[in-house]
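Step one of this worksheet: look at the structure below.
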There are 2 protein chains.
Amino acid sequence: MNTPTPYRYERLAELIVGMIDNGALAPGTRLPSVRAVSEQHRISISTALQAYRLLEDRGILVARPQSGYYVAASRRGALALPSASRARTKASTVSISGAVAALLEHASNPALVPLGCAVPDAALLQSKRLDLALARAARQHGTRYNIYCAPQGDPHLRREIAKRAMRFGHAQSPDDLLVTSGCTEALTLALTAVAKRGDTIAVESPTYFGLLHTLEMLGMKAFELPTDPTRGIDVGALARLLDMEPVAACALSSNFNNPLGSTMAEADKRALLALLARHAVPLIEDDVYGDIHFGRERPKPFIALDGGANTIYCSSFSKSLAPGYRIGWIAAGAYAQQVMERKLAFSLCCPVLPQVALADFLASGAYDTHLRGIRRLFEENLARMMRTIEASFPADTKVSRPAGGFVLWLELPRRFDSRALFDEALEQGICFAPGDVFSASRRFRNCLRLSAGHVWNDRIENGVHRLGRLAQAQLAR
Amino acid sequence: MNTPTPYRYERLAELIVGMIDNGALAPGTRLPSVRAVSEQHRISISTALQAYRLLEDRGILVARPQSGYYVAASRRGALALPSASRARTKASTVSISGAVAALLEHASNPALVPLGCAVPDAALLQSKRLDLALARAARQHGTRYNIYCAPQGDPHLRREIAKRAMRFGHAQSPDDLLVTSGCTEALTLALTAVAKRGDTIAVESPTYFGLLHTLEMLGMKAFELPTDPTRGIDVGALARLLDMEPVAACALSSNFNNPLGSTMAEADKRALLALLARHAVPLIEDDVYGDIHFGRERPKPFIALDGGANTIYCSSFSKSLAPGYRIGWIAAGAYAQQVMERKLAFSLCCPVLPQVALADFLASGAYDTHLRGIRRLFEENLARMMRTIEASFPADTKVSRPAGGFVLWLELPRRFDSRALFDEALEQGICFAPGDVFSASRRFRNCLRLSAGHVWNDRIENGVHRLGRLAQAQLAR
């Protein structure tokens, strides 16, 4: 099976991207009007608008009121995109746990410049209002909530989360949800519900090291799928894998994957769902970055496309609001019973008061105001980081261009050793994430991930700058 | 191997218990003075005193200031002790999960008389001060703590927990501890660190159904050891098992086990530890009820006897202070690294603010005042429940006599069906725990567990009474 035919608007969008990439459309150029382009390409006005909006969502075009669409200035960057990862021939037994624990320890060391951990700066999260809701709940209703709650979690919180799913077009009932200790527990519950020790899980490559670490602890194998830095995994490669050997599940990011920042086009998402459904292989999706979209529209998660028929949806508030609260959730559809049994068995239920506080906070509407703020903030942070990388890293460094989230993926020449850079950087008081922890087969040693989740300041800028110089020096040796 | 020779004070204690049981020493009888008994048995005064105190701790003797030791009135009860469970010949694949989920759902239904769930009544816990500490931490330091904490947990909380271990003679460093989502997560981490799918875990019989449920979800087998309602498991039976087949771990209650209320004598605990060490089989101990001792002294957990050399200690604050906070901990000794890796993989870390609040609460000394109160409360509750059982259940009902915790275990004649009673009781608005959920091999269908964790009132008393009448009616049919 090959990648499915794209929709008309996607074809137009790709055409425009190609023209920008080959220099035909320079940064700042005004594009033809929607009406003009619709006539030119014999498509409807709404299809043309859809293409422009898609590119705006990806940060490639900018809309100026009363004026039209322009090629975004950030495309001016001299740095190319990282290459798509290549196909692997077999699943890997994961063995990265020591590296993950060590990385997390360094990443939480406040003495180091914090480019290592994909966690938002507490100062940016402005969780005061949430904390006040917690204080109020504890003071007024502490005794009432000093109980084990149901394994599914607080019903008010589930209602608020279910209501939010409407925004991306998924009708969900509070009963479809189970509250977890962050997305990490959600992924653990999903994996143990559908797979067992020795089973193969298909994953992105590179992928979130926490997922790899969980697979390792559960004794599951990872099959790394070739992944494009903007379009995500290659559905054709997954189709070939499924024809070849048994796969217990596919575990993917919904949107703005960590570390690449890639998001699959909706048509690819649909093709993937159809393929998995045909093979009766469940999809486990991780949507922790979905709310941090820079474009106008939140890209749809898989669950909104298949209605949850074959999808287990996992997410949390850790990347956008409250890493300290450890509140995530899972919508496990057909596997809800298995997931609930595992929640009972592994941790019984979640603390009640933080759930009550979060439900209050969500009901107040404060989360949306907050999200609007951090989306702009993280987008600016990434732009600043990109400029600093351009100014300080080797000229042939390739950098991802995420349209959401707050991390960048850098690819340096083959002979570059990000582990050696990691050790040098630590000595200079800088932390980042070396590339090899994002792969079960320890690929990507020439890559690295930088997080822009902290308040931008001279210390951060200077850290990125020094890191670039160190990389240059290593390549010059 | 047979049960080891008891210490002198234990031999004296057993002699006294025998005399009470055969009627030689009637309830209310004054015992010979410590000096007299020491001369009579040619033992030191301190040994004689130790025997009396042990029996006082078990609620068998009562000390009256300026007067001496008396046989406790509660021995007057006409009801005998349940029988020790018999040896099994093989490990069982566990399959009780549906029953556990259903039971927990009923047990949390406020419309039912709450005899089902071994969870203390929020009204008894007086967690106001803890809640105020949480409100203060959230209001004053919320932003500061809106971070992932280290997988080990908040250092202040670990320091306070470590300090408490001194009380039972175990020197512990905060670095030895990892904070968990209740004892349930602690047990999951311990089991996955030392055993894998298909492995056999030796357990008490009856044992806590949550442990059985976790074993089932992890695909581990349970070998049920014969267990005495006062002395706990038969160390000789475990020795025979270890000679016979591979056992990955032994998972036991430290003190006042759920549901029997049994506590192994210290000499038996030491013999068990020596036996397990010889076979290089780790012990996983669950000490959630240890702080709720009715006697003067807190019985020592296993970890205090082997210094943690071969013991993984699990506990929580859920039974004594804050079920709603979901805070437990694990001291995994030689397995600390494996446990930490699993904590990272399965749930990353615990919410920060509840840990900070609990650390404040413990540092204030309020926990000890609180414990003194609930120990008396639960002891009175159990005495009241025992009297109501005597007055309403069939005369040949056997009942446990725990010296701590807040549950009673009832054994009825063989032909009695606690599942049928369960269904009838639900219809009458009463919930309790039927016996078979406490066994992997579905034994104990003629038994049941009643929880006395709620504020005693007419509704509770009436519930127990009606339950007894229903049991009588069933046996009369």
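Quick caveat, the model's predicted, so the values are computed rather than measured. Per chain, numbering begins at 1; letters A, B, ... match sequence-line order.
Of the inter-residue distances, the one linking A:Leu104 atom CG with B:Met340 atom CE reads 9.0 Å to the nearest 0.5 angstrom.
Contacts between B:Phe346 and chain A at a heavy-atom distance below 4.5 Å involve backbone atoms as well as side-chain atoms. In this structure, chain A has heavy atoms under 4.5 Å from both the backbone and the side chain of B:Thr214. Only the backbone of B:Leu321 comes within less than 4.5 Å of a heavy atom of chain A; no side-chain atom from C-beta onward does. For a residue to count as touching a neighbouring chain, one of its non-hydrogen atoms must lie under 4.5 Å from one of that chain's; by this rule B:Ala150 does not touch chain A. Residue B:Leu125 touches chain A through its side chain alone, counting heavy-atom pairs closer than 4.5 Å. Of the atoms belonging to B:Cys183, not a single heavy atom falls under 4.5 Å from chain A.
Chain A forms more heavy-atom pairs under 4.5 Å with one residue of B:Ala122, B:Ala135, B:Ala345, B:Ala322 than with any other, namely B:Ala345. Note: B:Cys349 leads B:Gly328, B:Ser181, B:Cys349 in heavy-atom pairs under 4.5 Å with chain A. Contact count against chain A (heavy-atom pairs under 4.5 Å) is highest for B:Asn146 among B:Thr143, B:Asn146, B:Thr184, B:Asp131. Contact tally against chain A (heavy-atom pairs below 4.5 Å) for B:Leu353, B:Asp121, B:Leu211, B:Leu187: the top residue is B:Leu353.
With B:Ser127 contributing its side chain and A:Gly142 its backbone, the two residues share no donor-acceptor pair below 3.5 Å. Within the 3.5 Å criterion, the main-chain N or O of A:Met217 finds no donor-acceptor partner in the side chain of B:Arg342. No donor-acceptor distance shorter than 3.5 angstrom exists from the side chain of A:Arg139 to the backbone of B:Leu134, with no hydrogens or angles considered.
Around the CD atom of A:Gln140, the shell of radius 6.0 Å holds more than 12 heavy atoms that belong to other residues, nucleotides or ligands.
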